[in-house]
> 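Below is the structure I would like to discuss, written out as structure tokens.
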Protein chains: 2
Amino acid sequence: MTGPVRVLIVDDDDLMRAGLRAVLSSDASIDVVGEAADGRVAVASARALRPDVVLMDVRMPHQDGIAATRELAGVAPAARVLMLTTFEDDDYVFGALSAGASGFLLKRTRPEQLIEAIHTVADGDSLLSPSVTRTVIDRIATASPPDPVVAGRLRALTARERDVLELVARGLSNAEIAGELFVEESTVKTHMKRILAKLGLRDRVQAVVAAYETGLVRPGAPGRE
Amino acid sequence: MTGPVRVLIVDDDDLMRAGLRAVLSSDASIDVVGEAADGRVAVASARALRPDVVLMDVRMPHQDGIAATRELAGVAPAARVLMLTTFEDDDYVFGALSAGASGFLLKRTRPEQLIEAIHTVADGDSLLSPSVTRTVIDRIATASPPDPVVAGRLRALTARERDVLELVARGLSNAEIAGELFVEESTVKTHMKRILAKLGLRDRVQAVVAAYETGLVRPGAPGRE
DNA sequence: CCGCGCGTACCCCTGAAGGGGGATGCCGGA
DNA sequence: TCCGGCATCCCCCTTCAGGGGTACGCGCGG
């Protein structure tokens, strides 16, 4: 908000850095405070220069952009990372986003859009190139649609049965679940019997799989810890 | 490419429809071919009008935008859906994207951006409002980072042990795994013992949880079916 | 007012899973 | 060359999970 956005350019290609600097210099509200040619230097520079936004190339010698981004989270948490890449590679996209990047742009993005993007991430929002957005959406659309067959039967479970299933899906034994829910183990066993019957499953292991596949529980979801 | 983009406006609010029509009419490359006030009418209209892009409100009487979008996939697969909503609700976002929407915009989007968005989705790309992008990225970032603690130990497993673990995580019994791998069940049991020991887990149920949490297996991943 | 779904609880019995050993053959590095 | 890791196989024994069945109180709707 106050003053121009401080940007650090990280790319191993001299020409690309020069080009980016030229483009960004044309905007008065952007201040290019530094450049780095690889991930290691980038982290050091970010620590010293405290940029608002780091324009980070993915593919670089010594330390790639993903690893550098991950490190930045600890070193300069205020810096928002905008990944730049020539080709969109799924692994890169998800790797970068998991590492904490705020955006992912292709290098074929038009200059005005790049400038707008920098302001967007500086404001705390995120953005992706349209084609990248497509791959991300596809992942959500294809990876999450809970198997309707099993998901449907999931609704056949009573609230209590779902409680039990959630605990099962966290690796608890019947006895532990009983303790967690303040009921007898025999009660839990009864619930388990009904769960397996309703879902058409054989044992608690398959119940756990069903819980994950239907989205009842989600990897990385809090749960408790 | 050829001619203007044919747009169908779907919103239960008369004023909103009028506003959208006014905004879109200002662009020569956009042709508003129809309007609908609820999901049911929207599906019927789309069938008849064959729009390139459907601007779809989420919250509507009779049939909401999510359900309508899902139906559109079967009725007018060529139509790309751009969801519009006042507030961003996580369930809406993921519901809409799973239903096949190409984009998700907040109604506070500026007119020029809306117009650009329509062209973007018409071109087959996707896009999300910056703040929506943020929630989507957060989901990816928080949902996928495999627990490093357990993930580290995962690498302690031998290739064979990982094979076994993957099958365990699909709900197979030791005997079934033995059949799948063409070895004796006793061998599988030995592998299981080592897996549990190396990962510091108690039983196969926890092993399944670990497999999902570390990303060894992923919900919705093929596996077999 | 009665039935039914739900949550609670118990019994008996079988089979699978897991812990504790021990053993073999193969292969690659010290 | 010999040792160690890996995959394979075996036995014994204990525990827990699941399948079968039964039961009882509560609340809600017919």
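Keep in mind that what you see is a predicted model, and the values were worked out from it rather than measured. Chain naming here is simple, since letters A, B, ... match the order of the sequence lines and numbering starts at 1 in each.
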> Please give, in whole Å, the distance from D:dG18 P to A:L196 CG?
6 Å

> Between B:V188 and B:V183, is the side-chain contact (heavy atoms from CB on, under 4.5 Å) condition met? List the steps.
CA-CA 7 Å; B:V188 177; B:V183 297; 3.9 Å; yes

> For DNA chain D, which residues in residues 179-189 of chain A have a heavy atom at a distance below 4.0 Å?
A:E185, A:K189

> Rounding to an integer number of Å, can you tell me how far A:R162 CZ sits from C:dC6 C1'?
13 Å

> Considering only heavy atoms from C-beta outward, does the side chain of B:L201 approach that of B:V209 to under 4.5 Å?
no

> With axes from five pairs an end, tell me the bend angle of the helix from C:dC1-D:dG30 to C:dA30-D:dT1, nearest 10°.
30°

> What nucleic acid atoms does B:T190 come within less than 4.0 Å of, heavy atoms only: base, sugar-phosphate, or nothing?
base

> Just so I know, are the side chains of A:L106 and A:V132 near enough to count as touching, which here means a heavy-atom distance under 4.5 Å?
yes

> Rounding to a whole Å, what distance do you find between A:R204:CZ and C:dA16:C1'?
13 Å

> Determine, step by step, whether A:T187 and A:L181 satisfy the side-chain contact (heavy atoms from CB on, under 4.5 Å) criterion, reporting the C-alpha distance in whole Å, the side-chain angles of both residues, the deciding distance to 0.1 Å, and the verdict.
CA-CA 10 Å; A:T187 302; A:L181 297 180; over 6 Å; no

> I'd like to know if B:D57 pairs up with B:K107 as an ion pair, taking the criterion as any Lys NZ or Arg NE/NH1/NH2 lying under 4.0 Å from an Asp or Glu carboxylate oxygen.
yes

> Are A:V164 and A:R194 packed together at the side-chain level, in the sense that at least one heavy-atom pair is separated by less than 4.5 angstrom?
no

> Using whole Å, report how far CG of A:N174 lies from C1' of D:dT15.
13 Å

> Looking only at N and O atoms, is any donor in the side chain of A:R194 or the base of C:dT8 less than 3.5 Å from an acceptor on the other one?
yes

> Compare side-chain N and O positions of A:R160 against OP1 and OP2 of C:dT8 and report whether any pair is under 4.0 Å apart.
yes

> Round to the nearest Å and state the distance from A:L201 atom CG to D:dG18 atom P.
11 Å

> Tell me whether the OP1 or OP2 atom of C:dG18 has a side-chain N or O from B:R202 closer than 4.0 Å.
no

> Identify the residue among A:R204, A:E184, A:H191, A:K189 that makes a side chain to side chain donor-acceptor pair (under 3.5 Å) with A:N174.
A:R204

> Distance check needed: C:dC6 P versus A:I195 CD1, whole Å only.
13 Å

> Answer whether the closest heavy-atom distance between the side chains of B:D203 and B:Q206 falls below 4.5 Å.
yes

> Expressed in angstrom and rounded to an integer, what is the separation of B:K193 atom NZ from D:dA7 atom P?
15 Å

> What integer distance in Å separates B:L199:CG from C:dG18:P?
13 Å

> Minimum heavy-atom separation for B:A76 and B:R50, please, with both atom names.
CA-NH1, 3.9 Å

